[in-house]
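This report concerns only the one structure given below.
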Amino acid sequence: MSTSPEWVIAALEERKQASLFRQTVIMEGAQVPGIEIDKKDYIAFCSNDYLGLANHPKLIQAMHESAQTYGVGSGASHLVNGHNREHQNLEEELAQWLGYERVILFSTGYMANLGVLAAFAGKDNGVVQDKLNHASLIDGAQLAGAKMRRYLHSDLDSAEKVLTRFTQNQSKSSILATDGIFSMDGDMAPLAGLASLCKENAALLMVDDAHGLACCGDTGKGSMELEGLTAEDVPLLIGTFGKAFGTSGAFVACSHDFADYLTQFSRPYIYTTAMSPAIVGATRASLAIIKSEEGLHLRQKLRANIAFFRRAVSELPITLCDSETAIQPILIGDSQLALDVSNRLKQKGIWCTAIRPPTVPKGSARLRITLSAQHDFEQISYLVNSLATALATRK
Ligand SMILES: *Cc1c(COP(=O)(O)O)cnc(C)c1O
């Protein structure tokens with residue numbers, strides 16, 4: 001007999017009725033293309049481990065070594081005594097690599113976005129955001145208690161209208177926040193245009209490049225590299241380690257003053273335990289790979305896989321999104337239909353979780369296919385053939 005309050009049961013039931021109920025599945029083993037769930041083998045096409053670093057021997061080794069020297073837990077927040085040599089080294093390496101004065105580590109990307117907006121936005125200024133920004137940017141503006149307006153997806157005219165209206169009679173600079181690569185669509189923000197817009201309006205441009213860093217650009221510096229932008233154009237850059245870096249945690253790259261400012265005023269930075277030094281060690285190994293010849297090869301392999309996938313799909317009656325990145329969504333629309341297609345793929349040994357509202361806008365449920373440098377052409381061909389049948393038999 002359930003003793004849960006009725007409103008909890010009702011909310012769960014409502015989600016189930018709308019085909020929006022979510023639950024975890026248990027994956028045996030590491031995040032690799034060949035996974036095992038419920039005693040069955042699948043090829044996975046939905047992880048964010050785009051370069052295949054999550055299970056890389058060099059990262060595993062580095063994590064061991066770092067744990068030997070620094071232990072597993074940092075034991076305190078950065079400002080008490082949880083910030084050790086390993087954290088400092090990673091911050092300096094990232095700052096130098098990306099051409100910023102400073103980098104500050106956060107425990108997750110979600111918290112980095114909350115942390116920046118909570119510190120830089122408030123009742124005296126507004127936050128302007130792309131309609132398709134990641135949930136953590138939206139939540140950050142709410143935590144800051146800031147006014148928030150959203151502009152049409154990647155639409156510079158709409159962004160300008162919203163921003164200029166905001167900028168009048170405001171004592172602090174507005175923040176314009178955008179994903180670099182949009183997490184559910186895989187397309188790129190018009191960063192160069194947004195950077196000019198922000199300069200004209202004395203607004204601060206904040207770019208969350210969770211899906212661009214390590215993957216995009218010849219040297220892996222992400223969407224800023226693709227658009228030829230520097231630290232001057234993007235005063236607040238957010239990167240995460242849970243995607244292509246293959247570990248977990250996040251960072252903000254910014255100026256010296258901004259880093260000092262975050263250190264004073266960013267509650268999600270101040271009131272939380274610093275990242276595990278062992279994970280920081282693994283992340284340093286990851287960065288070393290990303291910067292090296294091996295990283296270049298992984299990016300080339302990923303790019304070849306993306307091109308192969310798009311070419312194969314173009315011969316089928318399937319519409320792809322306008323994405324050149326590892327994120328290649330297939331829009332389905334209806335949530336139940338997206339679940340059905342995902343289940344049909346499962347029967348064929350392909351794991352691709354259906355993404356439904358509220359993660360994506362209503363009526364835009366999809367299969368968010370992601371490719372990795374670790375997939376091979378044979379696996380991708382198999383995916384495309386299976387997609388063709390799974391989509392043809394829908395309804
Ligand atoms: C995944 C993601 C985050 C959150 O990062 P975590 O480290 O997983 O908390 C933030 N922004 C974007 C665009 C993301 O895709």
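Order of appearance sets the numbers: ligands from 1, and atoms from 1 within every ligand.
- Residues D130 and T178 have side chains that never bring a donor and an acceptor to within less than 3.5 angstrom of each other.
- Heavy-atom contacts from other residues, nucleotides or ligands closer than 6.0 Å to NZ of K40 number 12 or fewer.
- Taking the six-membered ring for Trp and the full ring otherwise, the centers of F251 and F241 sit less than 6.0 Å from each other.
- Residues E225 and D218 form a side-chain contact, since some pair of their non-hydrogen atoms from C-beta on lies under 4.5 Å apart.
- In terms of protein heavy atoms, atom 3 (C) of ligand 1 is closest to H134 CE1, 3.5 Å.
- Nearest non-hydrogen protein atom to atom 9 (O) of ligand 1 is Y110 N, 2.9 Å.
- Ring centroids of F309 and H375 are separated by 6.0 Å or more, keeping the two rings apart.
- The atoms of ligand 1 that sit less than 4.0 Å from any heavy atom of D179 are 13 (C).
- Here N113 has side-chain heavy atoms under 4.0 Å from ligand 1, and that is the only part of it that gets that close.
- Side-chain contact between L137 and D179: present, with at least one pair of heavy atoms (C-beta onward) separated by less than 4.5 Å.
- Side-chain atoms of C46 and W351, non-hydrogen and from C-beta on, do get closer than 4.5 Å to each other.
- Short contacts between ligand 1 and T240, defined as distances under 4.0 Å to a heavy atom of the residue, involve ligand atoms 5 (O).
- Distances below 4.0 Å separate heavy atoms of T108 from the following atoms of ligand 1: 7 (O), 9 (O).
- Atoms of ligand 1 lying under 4.0 Å from at least one heavy atom of S183, given by number and element, are 15 (O).
- Contact annotation: A250 has no heavy atom less than 4.0 Å from any atom of ligand 1.
- The shell of residues lying under 4.0 angstrom from ligand 1, judged by heavy atoms, includes K243.
- Listed by first and then second residue, the ring-ring contact (aromatic ring centres under 6.0 Å, His included) pairs involving residues 82-109 are H78-H83, H78-H87, H83-H87, F106-Y269 (not counting sequence neighbours).
- Among protein heavy atoms, the minimum distance from atom 15 (O) of ligand 1 is reached at H211 NE2, 2.5 Å.
- Close approach of ligand 1 to A210 (heavy-atom distance below 4.0 Å) involves ligand atoms 12 (C), 13 (C), 14 (C), 15 (O).
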Name the atoms and distances for all side-chain donor-acceptor pairs under 3.5 Å in residues 7-21, with sequence neighbours left out.
| residue | atom | partner | partner atom | Å |
| --- | --- | --- | --- | --- |
| E13 | OE2 | Q17 | NE2 | 3.1 |
| S19 | OG | Q336 | OE1 | 2.5 |

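- When hydrogens are left out, the protein atom nearest atom 13 (C) of ligand 1 is D208 OD2, 3.2 Å; that is the closest non-hydrogen contact.
- The nearest protein atom to atom 6 (P) of ligand 1, hydrogens excluded, is given as G109 N, 3.3 Å; this is a heavy-atom distance.
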